[in-house]
Amino acid sequence: RQLHQWNLWAKERMGKGVLPLDVAEHCLRVFGSEETKHSRFENDVARVLHNMGVSFEVEVQLNSGYSIDFLVSIDQRKIAVEVDGPSHFIGQSKNQSRQTQLKHRQIRVLDNLTVV
């Protein structure tokens, strides 16, 4: 998992990955194979989006390998929506954890998506 994130960092900073292609592909498969669980809050968000008539996909795996909770389409623009619980923040603050900051930054840069 960390090896894939390091390769993403290289792509982000240097414009290309540093791992051999076969290793990079294996790391991507492992990275993207992590099972995701839906929370009640995510289900509530999906229901609200549906009731608003917003077009969206649930649990989308991006080209970077990251999985996002929702990919929302508004006026032909795609937006990554993450429904982050307390584990994505530092203590009781509104400050995101470093891991969440890294994920959101790499999605913005490598997948060219706005993350909210």
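Counting only distance, with no hydrogens or angles, the side chain of Asp111 and the backbone of Ser64 share a donor-acceptor pair below 3.5 Å. The backbone N or O of Ser67 lies less than 3.5 Å from a partner atom in the side chain of Lys103, making a donor-acceptor pair. Formation of a donor-acceptor pair under 3.5 Å by the Asn7 side chain with backbone atoms of Ala24 is not found in this model.
The nearest pair of heavy atoms linking Ile107 to Ala80 is CG2-CB, 4.5 Å. The heavy-atom pair separating Val58 from Phe56 by the smallest distance is CG2-CE1, 3.7 Å. For the pair Ser97 and Ile90, the tightest heavy-atom approach, listed with the atom from each and the gap, is CA-CG1, 4.0 Å. For the pair Gly17 and Ala10, the tightest heavy-atom approach, listed with the atom from each and the gap, is CA-CB, 4.4 Å. In plain terms, the two heavy atoms of Glu42 and Val83 that are nearest each other are CG-CB, 3.8 Å. In terms of heavy atoms, Gln96 sits closest to Gln101 at O-NE2, 2.9 Å.
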Original post:
Going through the distances and angles, do Gln5 and Tyr66 end up as a side chain to side chain contact (heavy atoms under 4.5 Å, CB included)?
Top reply: CA-CA 10 Å; Gln5 285 180 309; Tyr66 283 110; 3.2 Å; yes
Original post:
Yes or no on side chain to side chain contact (heavy atoms under 4.5 Å, CB included) for Thr100 and Glu82, after CA distance, side-chain angles and deciding distance?
Top reply: CA-CA 10 Å; Thr100 298; Glu82 289 281 272; over 6 Å; no
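Between Phe31 and His4, the two ring planes are tilted [angle within 30° to 60°].
No single ILVMFWY cluster, assembled from side-chain heavy atoms under 4.5 Å apart, contains both Leu8 and Leu21. Note on Trp6 and Val23: same hydrophobic cluster, where clusters join Ile, Leu, Val, Met, Phe, Trp and Tyr whose side-chain heavy atoms are under 4.5 Å apart, directly or indirectly. When hydrophobic clusters are built by joining Ile, Leu, Val, Met, Phe, Trp and Tyr residues whose side-chain heavy atoms come closer than 4.5 Å, directly or via intermediates, Trp9 is not grouped with Leu110. Under a hydrophobic clustering in which Ile, Leu, Val, Met, Phe, Trp and Tyr are joined whenever their side-chain heavy atoms come within less than 4.5 Å, directly or via other members, Phe41 and Met52 fall into the same cluster. Cluster annotation: Leu62 and Leu102 are assigned to the same hydrophobic cluster (Ile/Leu/Val/Met/Phe/Trp/Tyr, side-chain heavy-atom contacts under 4.5 Å, transitive).
Note that the CD1 atom of Ile68 and the CD atom of Glu59 stand 8.5 Å from one another [nearest 0.5 Å]. Rounded to the nearest 0.5 angstrom, Leu49 CG and Asp44 CG are separated by 11.0 Å. In this structure, the separation between CD on Gln92 and NZ on Lys94 is 12.0 Å, given to the nearest 0.5 Å.
Looking at Leu71, Ile79, Val60 one by one, the single match for side chain to side chain contact (heavy atoms under 4.5 Å, CB included) with Leu113 turns out to be Leu71.
Taking a 6.0 Å sphere around CG of Asp22, one finds it holds more than 12 heavy atoms contributed by other residues, nucleotides or ligands. Shown here is Arg13, whose CZ atom has more than 12 heavy atoms of other residues, nucleotides or ligands within 6.0 Å. More than 12 heavy atoms of other residues, nucleotides or ligands lie within 6.0 Å of CG in Asn51, so this atom counts as buried by the packing criterion.
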